[in-house]
Amino acid sequence: MYHHDTHLFYLFSSAFFSHSSSPVPDSTSGSGSCQLRGHFNLNGMYQDGDLILGGLFEVHFLTVFPELSFTSEPEQPYCEQFDMASFQQAQTMAFAIDEINRNPKLLPNITLGYHMYDNCVKLAVAFRAAMALLSGTDEATSSVDCTGSPPVIGIVGDPGSTHSIAISSVLGLFRVPMVSYFATCSCLSHRRQYPSFFRTIPSDAFQVHAITQILKRFSWTWVGLVYSDDDYGIHAAHAFHQDVQVQLSGCVAYSEMLPRDNNRKDVRRIVEAIKASTARVVVVISTEAYLLPLMDEVALRNVTGRQWIASEAWATSPVFLTRRLLPYLGGTLGIAIRRGEIQGLRDFLLRLQPDSHPKNNMVQNFWEEMFGCTFDSGSIQADGEEEKKVCTGEEKLRNTDTAYTDISELRASYNVYKAVYALAHALHDLTTCKEGKGPFNGHICASLGNIQPWQVVDYLQKVNFTTGFGDHVSFDKDGNALAIYDVMNWQPNPDGSIKVHTVGMVDEASQADYVLTLDEDALFWNFESKKVPRSVCSESCPPGTRRARRKGLPICCFDCLPCTDGEITCPEEFWSSPEKDRCVPKEVEFLSYEEPLGISLTTASLFGSCFCAGVLGIFARHRHTPVVRANNSELSFLLLLSLKLCFMCVLLFIGQPQLWTCQLRHVAFGISFVLSVSSILVKTMVVVAVFKSSRPGGQSAMKWFGVAQQRGTVLVLTAFQVAICAAWLATASPTPYKNTRYVSSKIVYECAVGSVLWFATLLGYIGLLAAVSFLLAFLARNLPDNFNEAKFITFSMLIFCAVWITFVPAYISSPGKYSVAVEVFAILASSFGLLVAIFAPKCYIILLHPERNTKQAIMGRTTQKK
């Protein structure tokens, strides 16, 4: 979780290269032994065993490095400020190994040992400790080629993300398994870069989502961010910025990076930014080591009235739970790793006794810190007014009350416990492998006398067990554990200190996106109102006003200006009220039967239909008369029937559009008109054929255009239109559509044609037939006949073409329901034009001048001219 400057790491790695604990073959001794080049001055704990597990813990907060003169071999760094909670984590590893050794069902006949080191929260020290674990601490080995079982079979740790990145990059080369209990950087999930890295703590990717869920629950959209200058803080801060924008639709008021060197000037600048900002909520993603100087400055400058959100790295840290910080940090909400219970741990912790072995100097450091004494009787010095006493080793831990003995909130320690057991279960599966069923090439098993770390990695990836506390432990393909967090709230204790209470949980495995459960009644708010604070850059605009973003500020900061029409935010089908203070449903507009225009068009449609029915009745009654029989009476009846359909299809255009009406209206219109125009075209062709047959040599004209051919021609021409309509409906069927483009305050309910190409094809085909009919009728208009129907067809086609040529620009330029009215009007006008121009003269003769309804009268003009 911590970052130390990369250049500094390389500097110390180079400076202390002479102290590298890497073994090299000794070519001078002649013994063929492998000797260490030197030793690091490290704090550690050791217990021998058949297989050794390594451990890396942050038992001290600070590391003091000597000055580098580059003229002599540098002195070893040393560590200061002992951390009781971290030492408890190291002892938890010792307890877990002791418990495993006493369990006859887990790794029987194999004793586990451990070798743990203190990383002092510095990368240079952590890396040296890791190298010491890899190479071992024995002065020499008897193997000539330095081969054999490695000093450690796996490592528990490191708790720091930056440390884990550096160490795992090296361990991954040799596939040495590393199970961290506190490194959360999401970057460590990259399996190709860190092939042997595992962790029992969730990745930061889940932690950031969990924090965002808390912000979302309380509608905190204006927050400040403070993060540590390490891989843990930098990666989490980047993810947090994205989540705030995407998941929360909020803004980060300021984003400050904690200085790695605890520079007081930078710390004061950050505190001033927190005080000056209007953001009441401060999210801090950092470790306690980086955060201590900031909280000291917060207390010094009396920064109150802020709601702190803690990342899991410090949400339960005891160093902040003091009376001095209660006025400032009380009410803090934090994300903490899962709390667990470990039976028998407290008794084990209290049984600890110091010894004089140099590999166990960490225990001596703990004892001196716990009891304020020293084991070095020659260096007793004044500590303030009192002198340090000599440690006897007989001091009683049962009489102490520190973070070391407090097992009420086992979080990091519980993760350590799970990490040790994960390695133990992997080793157990490895040792119980049956020959011929192994996971390695050829289905072989590992050699129990020479177990290699890379073999453990394969079993560790598949580990699957349940702890005594009931938690399931397994790893996904990236080595991550299941993400479960407790939500913590810092509340005042009766003695004035801070007590951390669990008030909720964020569970990744809840089958929903990071579901947050929170007991809001149990929360303590450190504000005068004792209520949830507000943290927004600008309050929501009141009704009748709109947002106007403030220049140079995030989108969460805006002014509220009076709205003009339609500017208040409403759902798509709503519009602002006249008072501009609420949303009202938009007016839905379509050509309805209730409005005057719809009534007029419906009346005209019904009138035209009745007119057709009347003419049809007249023709049926006088079907044997010459006027009706002239020019194929069957075509006349078919034309009247198709015109009636044209009038009736108008009703499909009126009323609220439905899917079936949208699909039928143009189909019915297109087929009806093609049937009408094709009938007229055939009638025109009959006229031409009749007069051709009356001329010398043209007697055969009617033979090739008899009644059967006339019917077939109408059928074929209409079939083409039916095919066009079928293709249209199959590929891009018209559908109802709510259009708001014409008028923002209205919804125009119309039928979207689906495909303009098919609609144009339908109209174009009708236009082609009409043009051919008009051309033939025009050429036949002067043919001799007392009743030349070609004249009337010419006039009807002239009306038809004029109507539809005018229709195109009128339809395109008419908005909303008026475009439907234009189409209906064109249908009615052209239908009436055909009906009146063709059938009115015939009805005139039939009804008013029956004396002219004879064959002689009809043929009289021809006889006279002859």
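Positions are given from 1 along the sequence. All values below were derived from every heavy atom in this structure, side-chain atoms included, with hydrogens, water molecules and symmetry-related copies excluded. This is a predicted model, so every value here is computed, not measured.
Between Leu601 and Leu591, some side-chain heavy-atom pair lies under the 4.5 Å cut-off. Using a 4.5 Å heavy-atom cutoff, the side chains of Phe619 and Ile846 are in contact. Proximity of Leu616 to Lys644: side-chain heavy atoms (C-beta onward) are nowhere separated by under 4.5 Å.
Across every non-hydrogen atom of Gln663 and Val667, the tightest pair is O-CG2, 3.1 Å. Annotation for Pro734 and Val753: closest pair CG-O, 3.6 Å, computed over non-hydrogen atoms. For the pair Met797 and Leu834, the tightest heavy-atom approach, listed with the atom from each and the gap, is CE-CD2, 3.3 Å. Listed here is the closest heavy atom pair of Arg191 and Asp478: NH1-O, 3.5 Å. In this structure, Thr602 and Leu651 approach most closely via the heavy-atom pair CG2-CD2, 3.9 Å. Contact record, Ser773 with Val677: OG-O, 3.7 Å, taken as the closest heavy-atom pair.
Here the OG atom belonging to Ser189 is positioned 3.5 Å from the CG atom belonging to Asn480, to the nearest 0.5 angstrom. Rounding to the nearest 0.5 angstrom, the gap separating the CD atom in Gln721 from the CD1 atom in Ile766 is 5.0 Å. Note that the CD1 atom of Ile599 and the CD atom of Glu594 stand 7.5 Å from one another [nearest 0.5 Å]. Here the CG-CD distance, from Leu664 to Gln658, works out to 12.0 Å after rounding to the nearest 0.5 Å. In this structure, CG in Leu215 is found 10.0 Å from CG in Asp243, a value given to the nearest 0.5 Å. Of the inter-residue distances, the one linking Ser538 atom OG with Asp559 atom CG reads 6.5 Å to the nearest 0.5 angstrom.
Screening Ser676, Ser678, Ser831 for a side-chain hydrogen bond (donor to acceptor under 3.5 Å, both in side chains) with Ser642, the sole residue that qualifies is Ser676. For the pairing with Val682, the side chain to side chain contact (heavy atoms under 4.5 Å, CB included) check across Leu638, Thr713, Leu639 returns one residue only, Thr713.
Taking the six-membered ring where the residue is Trp, the centroids of Trp758 and His666 are separated by 6.0 Å or more. Between Phe647 and Phe611, the gap from one ring centroid to the other reaches at least 6.0 Å. Phe800 and Phe673 have their aromatic ring centers within a separation under 6.0 angstrom.
At least one donor-acceptor pair under 3.5 Å links the side chain of Ser600 to the backbone N or O of Pro596. In terms of modelled atom types and a separation under 3.5 Å, the side chain of Tyr593 and the main chain of Ile654 share a donor-acceptor contact. A donor-acceptor contact shorter than 3.5 Å is absent between the side chain of Ser609 and the backbone of Ser605.
Under the 2.5 Å SG-SG cutoff, Cys751 and Cys662 qualify as a close cysteine pair. A disulfide bridge connects Cys537 to Cys557: their SG atoms sit within less than 2.5 Å of one another.
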Can Phe637 and Leu641 be said to form a side chain to side chain contact (heavy atoms under 4.5 Å, CB included), step by step? CA-CA 6 Å; Phe637 284 109; Leu641 181 62; over 6 Å; no
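Between Phe653 and Phe669, the angle of the ring planes goes over 60°, which puts this pair in the perpendicular group of the 30/60° scheme.
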